[in-house]
Amino acid sequence: MRLKGIKVPHRKHTANSVPQRIPLPKAVTIPMSMHIGKPCKLSVKAGDHVKVGQIIGLPDGFVSSPIHSSVSGTVKKTEIITMTGAARTSAAVIETDGLQELCEDVKPPVVTDFESFIEAVKNSGVVGLGGAGFPTFVKLNIKDLSAVDTVIINAAECEPYITSDTRTMLDKAEYISKGIDLIQKYLGTKRIIIGIENNKKPCIQKMQEIADSKSGVIVKVLPSIYPQGGEKVLVYNTTGRLIPKGGLPLDVGAVVLNCTTLACIAEYIETGMPLTEKCVTVDGSCVKEPKNVIAPIGTPVQNLFDFCGGFKAEPKKVLYGGPMMGIAVPSLDSPVLKMTNAVIAMDEKDARPPKASSCINCGECLNNCPLRLDPRKISKALKLGLDEELKKQNADLCMECGCCAYVCPAKRPIVQNNRLAKARINKYLSQQKASKEGENE
Amino acid sequence: MNKLISSSSPHITSPRTTQKIMRDVLIALLPAGVASVIIFGLRSLLVIGVCVLVCVVSEWAFEKICKKDNTVFDLSAVVTGVLLAYNLPVSIPLWQAAFGSLFAIVVVKQLFGGIGQNFANPAITARIVMLIAFSGTMTSWTFPDGVSSATPLSLMSGGNPEALPSYTDMLFGLHGGCLGETCIIALLAGGIYLIARKVITWHTPVAFIGTVLIMSLIFDKAPLYQLMSGGLVIGAFFMATDYATTPCTKWGKIIFGIGCGLVTVLIRFWGASPEGVSYSILLMNIFTPYISRLTQPKPLAGGDGR
């Protein structure tokens with residue numbers, strides 16, 4: 001059995017576009033928060049000279065990941081910038097000197113055992129590149145390795161437009177192969193599953209070749225049904241195991257790694273080059289020549305669009321990521337982040353959210369939810385402020401994949417509504433917990 | 001400075017809209033409308049026109065008075081008007097048709113909150129109200145061109161089966177009845193169109209018609225006539241599939257369809273009225289919340305064995 005999903009347009013226009021390196025930008029803005037967890041502490045100040053691969057942000061706390069300079073040049077200033085969702089974070093603005101001098105620290109790490117492997121993954125600065133940005137070393141630093149029997153490599157790439165993982169599989173297959181070797185060697189995982197959607201034939205072939213050359217590696221070709229690459233969906237559809245609410249793949253003996261994440265780890269361990277540049281798909285209804293590009297982290301997205309022939313219409317909305325789960329950026333100066341796999345520019349027609357009308361009770365939202373939630377009931381409970389009912393409806397289970405809102409004929413903002421419901425239920429649950437603790441004292 | 005829109009994901013939606021769904025329903029109802037004009041004459045067009053006009057105007061006026069958003073352009077009021085007209089005899093006085101339309105939109109639909117919120121099917125409820133209020137004109141069947149004729153169901157229940165029309169006449173709708181319900185071929189074409197366009201699923205019509213078929217086989221009540229008579233086909237495809245008033249899950253639809261079928265045969269075989277489709281759907285509308293609760297899928301929260 002598979003979890004439900006929906007057919008979305010593929011729009012993989014750039015699947016055959018071999019990534020091209022864009023000209024070095026005049027300056028990059030590297031934020032200290034490019035991962036889930038505590039932002040890094042800036043370790044450089046205005047006037048400092050930095051080189052490519054030099055650490056400029058030190059991890060603060062356990063769930064954090066070091067940040068390296070993507071260019072050589074001079075730190076012009078450090079400032080607080082506004083990110084998506086009106087979040088604010090400190091950032092280093094570095095003026096490039098055009099030399100791209102490599103930092104002396106960039107050298108292959110010595111990896112001999114599990115501990116040194118985890119240390120290397122940490123130093124690589126790699127975070128979940130599928131979009132979530134969870135520090136990969138934290139994910140791999142598993143206390144009881146015997147509890148994990150499967151590593152799933154997420155190569156589904158189910159979002160419309162995005163082809164950067166496709167390019168990783170085609171152009172950096174050897175690093176995926178080496179990454180699998182590392183996983184088998186240091187995590188000792190018995191079974192490795194490469195989960196991939198059936199709309200990527202050349203990638204399937206490449207991955208099959210890798211699987212055939214090893215033991216314990218299988219390629220699982222999945223139908224192109226969104227959200228095939230959603231962690232919960234992918235784990236269920238490849239192993240038949242359901243991650244419980246609030247749980248991790250680890251709870252069902254699995255670890256999920258995006259294919260580009262894995263390739264970046266392998267590349268770091270071979271070359272010592274930390275995560276400083278990204279392959280980004282540049283597409284959308286405004287973009288003249290959609291392409292895959294390689295850009296230093298911190299490059300303003302404007303530069304990526306310029307490289308792709310500029311805009312053919314005025315962009316009204318620009319996204320990090322695909323149109324199903326992507327996040328609207330506040331401005332064209334927004335930098336390429338570690339987990340940016342695509343930037344999509346939409347014209348007036350695509351950008352304007354459709355006008356919502358009354359719910360006609362067709363039940364399509366319920367019938368298309370991979371997790372069988374009923375957005376109609378969640379919405380009603382939220383409107384009436386019924387916390388207990390929200391809890392009963394499992395509103396906090398929602399992964400915001402957007403299937404419900406996509407299929408809704410009344411164009412209701414269901415995901416937004418579910419987010420509000422989730423916030424409310426989290427508040428309610430923590431209050432409940434606090435009052436229970438109060439009683440116990 | 002270029003202002004960028006910031007909105008919540010998803011940033012694309014399917015091309016399906018409420019209006020397109022209703023438009024598909026109207027397209028699916030078109031063949032039966034054409035058939036009604038051919039079978040019952042131009043007056044059927046007049047009845048349809050009056051019903052649609054009154055439905056649309058009363059929806060617009062109600063929303064205007066109550067300062068609600070205008071929903072006339074979602075076409076749902078047009079659908080209600082057409083469906084109600086299809087469930088009336090061609091000879092119905094126009095003021096009665098207008099009254100029924102007003103009742104359907106204002107009392108059954110808008111007073112319960114408008115589209116998606118009403119618990120009973122507006123067209124069916126209005127028809128039943130008219131059946132009680134205007135029992136004479138609502139059951140006087142003229143066919144064709146002023147010649148009065150009984151419906152096949154009343155012939156069967158009236159113990160005059162010799163006068164039944166042929167199967168071909170039944171299929172093409174050449175017999176007495178409501179103006180949009182008789183031409184089975186046209187209704188089936190519309191029903192298949194709705195399924196093909198994914199506006200409805202097969203579950204309700206198959207369960208509904210299948211139950212009537214099986215029951216009439218068991219009780220030896222001329223199965224083919226049962227299927228092609230009365231409002232069964234129009235009811236099963238167009239009224240028992242209404243989103244707001246019927247369950248939305250696969251099993252819910254099947255239970256709903258079986259329930260409709262059972263109530264229909266109960267009334268047809270042993271009730272005082274020759275026809276029971278309208279009552280069956282209205283009754284099952286009332287059961288819908290319970291069926292929905294019974295068939296509500298459990299969220300995949302995991303952890304508890306599921």
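All values below come from the heavy atoms of this structure, side chains included, with hydrogens, waters and symmetry mates left out. The sequence lines fix the lettering, A, B, ..., with proteins before strands; numbering per chain opens at 1. Because the structure is a prediction, the values reported are computed rather than measured.
Here A:R419 contributes atom CZ and B:S9 contributes atom OG; the two are 4.0 Å apart, rounded to the nearest 0.5 Å. Interatomic distance, CD of A:Q416 versus OG of B:S7, reported as 8.0 Å (0.5 Å rounding).
For a residue to count as touching a neighbouring chain, one of its non-hydrogen atoms must lie under 4.5 Å from one of that chain's; by this rule A:P370 touches chain B with the backbone only. Looking at A:R241, there are no atoms closer than 4.5 Å to chain B (heavy atoms on both sides), in backbone or side chain. Proximity to chain B (any heavy atom under 4.5 Å) is shown, for A:L371, by both the backbone and the side chain. Neither the backbone nor the side chain of A:C401 comes within less than 4.5 Å of any heavy atom in chain B. Contact of B:Q19 with chain A is not made at all, since no heavy-atom distance falls under 4.5 Å. Of the two parts of A:P413, neither the backbone nor the side chain holds a non-hydrogen atom closer than 4.5 Å to a non-hydrogen atom of chain B. Both the backbone and the side chain of A:V329 have a heavy atom closer than 4.5 Å to some heavy atom of chain B. Neither the backbone nor the side chain of A:K7 comes within less than 4.5 Å of any heavy atom in chain B. Interface residue A:L3: only side-chain heavy atoms are found under 4.5 Å from chain B. When heavy atoms are compared at a cutoff of 4.5 Å, A:L366 approaches chain B solely by way of its side chain, counted from C-beta outward. In this structure, chain B has no heavy atom under 4.5 Å from any part of A:I6.
Counting heavy atoms from C-beta on, the side chains of A:S357 and B:D69 never come closer than 4.5 Å. Within the 4.5 Å cutoff, side-chain heavy atoms of A:P160 are placed close to those of B:I12.
Identified by a heavy-atom distance below 4.5 Å to chain A, the contributing residues of residues 103-117 of chain B are B:I115, B:G116, B:Q117, in residue-number order.
The environment of B:K68 atom NZ is dense: over 12 non-hydrogen atoms of other residues, nucleotides or ligands sit within 6.0 angstrom. Other residues, nucleotides and ligands place no more than 12 heavy atoms under 6.0 Å from the NZ atom of A:K380.
Considering only heavy-atom pairs separated by less than 4.5 Å from chain B, the leading option among A:D396, A:L397, A:V252 is A:L397.
With hydrogens and angles disregarded, a donor-acceptor distance shorter than 3.5 Å links the side chain of A:N367 to the backbone of B:C248. Between the side chain of B:K3 and the main chain of A:S331, no donor-acceptor pair closer than 3.5 Å is present.
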For B:I5 and A:R352, run side-chain contact (heavy atoms from CB on, under 4.5 Å): C-alpha distance rounded to whole Å, both residues' side-chain angles, the deciding distance at 0.1 Å, then the answer. CA-CA 8 Å; B:I5 297 172; A:R352 220 36 81 199; 3.7 Å; yes
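Counting only N and O atoms by type, the side chains of A:R372 and B:T249 include no donor and acceptor under 3.5 Å apart.
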